[in-house]
Protein chains: 2
Amino acid sequence: MIDKCLCKLISAEEIDKILGQLPQPDTMERLAKFFKVFGDPSRLKLLYFLSRSELCVADLASLAKMGQSAVSHQLKILRLNRFVKTRKEGTVVYYSLEDMHIQSLFDVAIEHIGEEA
Amino acid sequence: MIDKCLCKLISAEEIDKILGQLPQPDTMERLAKFFKVFGDPSRLKLLYFLSRSELCVADLASLAKMGQSAVSHQLKILRLNRFVKTRKEGTVVYYSLEDMHIQSLFDVAIEHIGEEA
DNA sequence: CTCCTATGTGAATATATGTTCATGTATAGT
DNA sequence: ACTATACATGAACATATATTCACATAGGAG
């Protein structure tokens, strides 16, 4: 665990300062959980389609070329993480994006990817 | 695969338009790969510490309270995905962030998390 | 050259994750 | 009540991922 490298560019006090500045102990866990939601192509496709229109489960399945069950499972994850919200009308459940931060993230990420050679 | 829901809010032509607007076929795969890098607490910690200072592997291991080998494995992933760059000095390898998009992503994500109840 | 230190890497293991299959639930129509 | 449709869910399976362990490599000191 504690390797004894003496090569520190920064002093022990600075290290303590960095450690002290950690917003909260579980911040990284929560952030990781947040980003993990975006870390799957299927979920990204669903989010992309929802960024264009409110859609029901079957339509999402058609668009994303996924099975209905797979879509439903992924939508549950998106729901639990508050990325999407639902509106029920009879037997049909319409999904839409929960807020606009998602678009922001898409933008920053696409910009980053665009830089690659 | 193709479920026969007739509940479409949007017409078939609109669906085609949405499908046609997909930037590239593999865009979601690349985006997912990108976000997946952020989807791990250990990597986020490493990135956070590197956002504060250029650091060597042993220091990162101390700060993140991880084994040296685990750190090295994760740094390899960060390297291959161009999140960090290295500078070698003797036997010591100093790591630092590749660009500033990472900070932007942290900000947007933290803002999103902050909204949760 | 030899030893020591800093880091990288492959194999193994445990755990997490995504999809499919089968089935359950809810609601509309008859 | 019965059937059909839209969606949700649990179990099973396959794959992916993170960590550990053991060892390899590289460079500096003697």
Side-chain angles (χ1 to χ4, degrees), chain A residues 1-9 28-29 32-47 50 54-81 83-96, chain B residues 1-9 28-29 32-47 50 54-81 83-96:
Chain A
M1 227 47 164
I2 300 164
D3 292 294
K4 51 203 145 86
C5 177
L6 302 175
C7 70
K8 302 183 192 312
L9 281 178
M28 295 308 169
E29 276 73 13
K33 191 181 168 196
F34 176 78
F35 281 119
K36 202 174 290 187
V37 178
F38 287 106
D40 177 76
S42 298
R43 280 193 293 271
L44 282 181
K45 280 182 208 161
L46 296 178
L47 290 172
L50 290 175
E54 183 188 48
L55 291 164
C56 70
V57 178
D59 287 344
L60 282 169
S62 293
L63 285 166
K65 290 171 187 163
M66 296 169 60
Q68 175 266 317
S69 180
V71 171
S72 202
H73 277 295
Q74 296 305 337
L75 285 174
K76 182 178 189 176
I77 294 176
L78 292 173
R79 250 187 294 125
L80 292 177
N81 288 279
F83 282 73
V84 300
K85 62 188 174 205
T86 62
R87 177 174 70 82
K88 199 165 184 178
E89 201 169 288
T91 65
V92 180
V93 179
Y94 291 104
Y95 281 81
S96 55
Chain B
M1 226 52 163
I2 300 166
D3 290 295
K4 52 202 146 83
C5 177
L6 302 175
C7 68
K8 302 183 191 313
L9 281 179
M28 294 310 169
E29 276 73 13
K33 191 181 168 196
F34 176 78
F35 281 119
K36 202 175 290 187
V37 177
F38 286 107
D40 177 76
S42 299
R43 281 194 293 272
L44 280 182
K45 279 182 209 160
L46 297 177
L47 289 172
L50 290 175
E54 183 187 47
L55 292 162
C56 71
V57 177
D59 287 344
L60 282 169
S62 292
L63 285 166
K65 291 169 186 163
M66 296 169 60
Q68 173 268 317
S69 181
V71 171
S72 202
H73 278 296
Q74 297 303 338
L75 286 174
K76 183 177 188 179
I77 294 176
L78 292 173
R79 251 187 292 123
L80 291 177
N81 288 278
F83 282 73
V84 300
K85 59 188 177 207
T86 62
R87 177 175 69 84
K88 202 164 184 179
E89 201 169 289
T91 66
V92 180
V93 178
Y94 292 105
Y95 281 81
S96 56

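Here is the naming used below: chain letters follow the sequence lines, and residue numbers restart at 1 for every chain.
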Test item: A/R43 side-chain N/O and B/A32 main-chain N/O as donor-acceptor pair under 3.5 Å: no

Protein-nucleotide distance (B/F35, atom CZ; C/dG18, atom C1'), rounded to Å: 19 Å

Interatomic distance, A/L75 CG vs D/dC7 C1' [rounded to whole Å]: 10 Å

Of the listed nucleotides C/dT9, D/dA8, D/dC7, the one nearest the side chain of A/V92: D/dC7

Heavy-atom side-chain proximity of A/R79 to A/K76 below 4.5 angstrom: yes

Any N/O donor-acceptor pair, A/Q68 side-chain to D/dA8 base, under 3.5 Å: yes

Nearest-Å distance for atom pair OH/P, residues A/Y94 and D/dA8: 13 Å

Aromatic plane relationship, B/F35 with A/F35 - under 30° parallel, 30 to 60° tilted, over 60° perpendicular: parallel

Nucleotide C/dT7, atom P - distance to CG of B/L78 in whole Å: 15 Å

Heavy-atom protein contacts under 4.0 Å, nucleotides 10-19 of chain D, coded B base, S sugar-phosphate only, - none: B------SSS

Between C1' of D/dC7 and CG of A/D59, the distance in whole Å: 13 Å

Which residues share a side chain to side chain contact (heavy atoms under 4.5 Å, CB included) with A/K33, sequence neighbours left out: A/N81

Ring pair (Phe, Tyr, Trp, His ring centres under 6.0 Å) involving B/Y95 - partner list, sequence neighbours excluded: none

Those residues that, when tested against A/S42, pass side chain to side chain contact (heavy atoms under 4.5 Å, CB included) (two or more places apart): A/D40, A/M66

For atom CD of A/E29 and atom P of C/dA16, their distance in whole Å: 14 Å

A/R79 CZ - D/dC7 P separation (whole Å): 12 Å

Distance test, side-chain N/O of B/S72 to OP1/OP2 of C/dG8, below 4.0 Å: yes

Phosphate contact (D/dA8 OP1 or OP2) by A/Y95 side-chain N/O below 4.0 Å: yes

Heavy-atom side-chain proximity of B/L78 to B/L75 below 4.5 angstrom: yes

Atom pair distance, as rounded to whole Å: NZ in A/K65 and P in C/dT19: 15 Å

